[in-house]
Protein chains: 2
Amino acid sequence: MISTKGRYGLRVMIDLARNDNGNFIPLKDIAERQEISKKYLEIIVKRMVEGKLIVGSSGKGGGYKLIRKPEEYTVGEILTLMEGTMSSVACLADNAYECPRKKKCETLPMWEEFDGIIHDYFYGRTLKSLL
Amino acid sequence: MISTKGRYGLRVMIDLARNDNGNFIPLKDIAERQEISKKYLEIIVKRMVEGKLIVGSSGKGGGYKLIRKPEEYTVGEILTLMEGTMSSVACLADNAYECPRKKKCETLPMWEEFDGIIHDYFYGRTLKSLL
DNA sequence: AAGTTTACCTATTATAACAGTAGGAAATAA
DNA sequence: TTATTTCCTACTGTTATAATAGGTAAACTT
């Protein structure tokens with residue numbers, strides 16, 4: 001299940017795209033429009049800055065801004081950054097321990113196929129498509 | 001992300017289908033074959049009995065047994081029973097609070113479409129297909 | 001009737017993630 | 001230098017996960 005990190009993160013990206021006028025957009029404005037606590041959003045955007053999805057600028061006239069054009073972000077990369085992994089099961093997560101039953105597991109092929117569907121869905125959809 | 005409840009539950013169902021000979025199958029045997037703690041599996045199968053996926057019988061010669069034929073179970077119903085919900089976001093879960101931003105939410109349509117894909121995938125697949 | 005096997009039932013626990021809140025320091029522009 | 005805004009560290013309450021522990025009840029066998 002997608003947590004608030006992923007959901008709010010996406011909404012911040014949409015908000016930044018929607019209200020882009022070339023200047024930095026203060027988090028206060030985003031928080032008000034999106035009706036999310038600014039304090040909590042700080043955690044969200046921090047990760048987005050670290051992940052190079054957006055850029056921040058301190059001080060007056062500061063705020064956040066997209067780095068690329070909306071059509072150059074996939075929803076998948078945004079969610080993956082925010083959620084850590086997009087795998088449906090722990091066995092297939094990025095940091096997965098090597099499961100000893102891997103070869104004889106009767107459910108693994110299904111999880112793999114399903115993860116492929118998830119991947120195709122979210123990586124085949126751009127931020128622009130959400131505007 | 002699918003938890004051990006869903007993953008182990010599915011494996012128990014497969015194990016019961018695979019080893020079905022008309023008799024009840026003791027949990028001890030399932031636990032050994034699946035390499036999962038019997039104690040933990042008790043929690044899993046309890047829920048499956050309550051959800052009418054399987055039936056249990058105490059005493060010598062007891063154990064668990066499928067109620068229907070493998071082709072009459074969908075993976076979706078098994079996972080939904082074990083996980084509680086198969087929604088990708090809290091806003092769409094069965095017990096969802098009524099989100100005040102529902103009408104203007106720009107991400108909701110995507111989550112709804114995605115949940116449809118999840119639903120189609122898992123409900124269009126039977127236990128038999130995993131054998 | 002006794003013993004064995006098996007499900008069934010009620011706790012308890014350790015760990016981690018989630019969803020925030022709080023308070024201040026540093027940077028930037030007017 | 002003052003206002004604004006990001007940036008940083010720490011803290012907290014709640015819930016879910018992934019179990020473990022110990023016992024009771026039922027059913028079959030001898």
Side-chain angles (χ1 to χ4, degrees), chain A residues 1-9 11-12 16 19 23-32 34-65 67 79 82-85 87-91 93 95 97 99, chain B residues 1-9 11-12 16 23-32 34-51 53-67 79 82-85 87-91 93-95 97 99:
Chain A
M1 193 174 280
I2 309 291
S3 72
T4 52
K5 293 215 172 59
R7 287 187 283 125
Y8 292 178
R11 281 167 58 190
V12 167
L16 285 173
N19 299 283
N23 300 323
F24 288 100
I25 296 170
L27 195 56
K28 185 166 165 276
D29 295 2
I30 302 174
E32 278 170 11
Q34 296 296 322
E35 298 170 89
I36 304 170
S37 134
K38 187 196 156 209
K39 268 296 180 195
Y40 189 47
L41 278 187
E42 283 183 12
I43 299 171
I44 309 282
V45 295
K46 187 189 180 205
R47 197 179 291 200
M48 298 200 292
V49 168
E50 285 165 1
K52 302 266 163 60
L53 291 185
I54 61 178
V55 63
S57 171
S58 288
K60 202 163 190 175
Y64 297 94
K65 200 196 284 193
I67 289 175
L79 291 179
M82 300 311 294
E83 296 291 325
T85 176
S87 297
S88 57
V89 290
C91 335
N95 58 343
Y97 69 109
C99 175
Chain B
M1 192 174 279
I2 308 290
S3 72
T4 53
K5 294 215 172 60
R7 287 189 283 124
Y8 292 178
R11 281 166 59 190
V12 167
L16 285 174
N23 300 324
F24 288 101
I25 297 170
L27 194 57
K28 185 166 166 276
D29 296 2
I30 301 173
E32 278 170 10
Q34 296 296 324
E35 299 170 90
I36 304 170
S37 138
K38 186 197 157 210
K39 268 295 181 196
Y40 189 47
L41 278 188
E42 284 184 11
I43 299 170
I44 309 283
V45 295
K46 189 191 179 205
R47 198 179 291 202
M48 297 202 292
V49 168
E50 286 166 359
L53 290 185
I54 62 178
V55 62
S57 170
S58 289
K60 203 162 189 175
Y64 297 93
K65 198 196 284 192
L66 294 186
I67 288 175
L79 291 179
M82 300 312 292
E83 296 291 327
T85 177
S87 296
S88 58
V89 290
C91 336
D94 304 340
N95 58 343
Y97 70 108
C99 177

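Throughout, a chain's letter reflects where its sequence line sits, starting with A, and its residues are numbered from 1. Only this structure's heavy atoms are used, side chains among them; waters, hydrogens and symmetry mates stay out.
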Heavy-atom side-chain contact between [X] and [Y] under 4.5 Å:
{"X": "Arg7(B)", "Y": "Met82(B)", "result": "no"}
{"X": "Met48(A)", "Y": "Val45(A)", "result": "yes"}
{"X": "Glu42(A)", "Y": "Leu27(A)", "result": "yes"}

_What contact category does Tyr64(B) fall into here, base, sugar-phosphate, or nothing, at under 4.0 angstrom with non-hydrogen atoms?_
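Answer is sugar-phosphate: Tyr64(B) comes under 4.0 Å of backbone atoms only.
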*Mind checking Ile43(B) for me? I need base, sugar-phosphate or nothing, with any heavy atom below 4.0 Å counting as a touch.*
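Since a base atom lies under 4.0 Å of Ile43(B), the category is base.
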_Working for side-chain contact (heavy atoms from CB on, under 4.5 Å), residues Lys5(A) and Ile44(A)_ = CA-CA 6 Å; Lys5(A) 293 215 172 59; Ile44(A) 309 282; 4.3 Å; yes
Nucleotide [N], atom [atom2] - distance to [atom1] of [X] in whole Å:
{"X": "Glu42(B)", "N": "dG23(D)", "atom1": "CD", "atom2": "C1'", "answer": "11 Å"}
{"X": "Lys39(A)", "N": "dA10(D)", "atom1": "NZ", "atom2": "P", "answer": "15 Å"}
{"X": "Lys46(A)", "N": "dT5(D)", "atom1": "NZ", "atom2": "C1'", "answer": "17 Å"}
{"X": "Met48(A)", "N": "dC7(D)", "atom1": "CE", "atom2": "P", "answer": "11 Å"}
{"X": "Arg7(B)", "N": "dT17(D)", "atom1": "CZ", "atom2": "P", "answer": "12 Å"}
{"X": "Lys38(B)", "N": "dA19(D)", "atom1": "NZ", "atom2": "P", "answer": "17 Å"}
{"X": "Met82(B)", "N": "dA16(D)", "atom1": "CE", "atom2": "C1'", "answer": "15 Å"}
{"X": "Lys5(B)", "N": "dT15(D)", "atom1": "NZ", "atom2": "C1'", "answer": "12 Å"}

*Shoot me the first and last contacting nucleotide of DNA chain C against chain B, ordered 5' to 3', at under 4.0 angstrom to non-hydrogen atoms.*
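The contact span of chain B on DNA chain C goes from dT5(C) to dC9(C).
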*When you measure from the side chain of Glu83(B) to the backbone N and O of Ile2(B), does any donor-acceptor pair fall under 3.5 Å?*
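Not confirmed, Glu83(B) side chain does not pair with Ile2(B) backbone.
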*Could you give the distance from CD1 (Ile30(A)) to NZ (Lys38(A)), rounded to the nearest 0.5 Å?*
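Here the rounded value is 11.0 Å.
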*Only one of Asp29(A), Leu41(A), Ile54(A), Ile25(A) clears side-chain contact (heavy atoms from CB on, under 4.5 Å) with Tyr64(A); which?*
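The passing option is Ile54(A).
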For nucleotides 26-30 of chain D, tabulate all protein N/O to nucleotide N/O atom pairs closer than 3.5 Å, reporting atom names and distance.
none

*Under 4.0 angstrom between Tyr8(B) side-chain N/O and dA19(D) OP1 or OP2*: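 So the side-chain polar atoms of Tyr8(B) do come within 4.0 Å of the phosphate oxygens OP1 or OP2 of dA19(D), strictly under.
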*Looking only at non-hydrogen atoms, find the nearest pair between Ala31(A) and Ser37(A) and report the distance.*
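Shortest heavy-atom separation between Ala31(A) and Ser37(A) comes out as CB-C, 4.5 Å.
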*Tyr40(B) has a side chain; which of dA19(D), dC8(D), dT17(D) sits nearest to it?*
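From the listed options, dA19(D) comes nearest.
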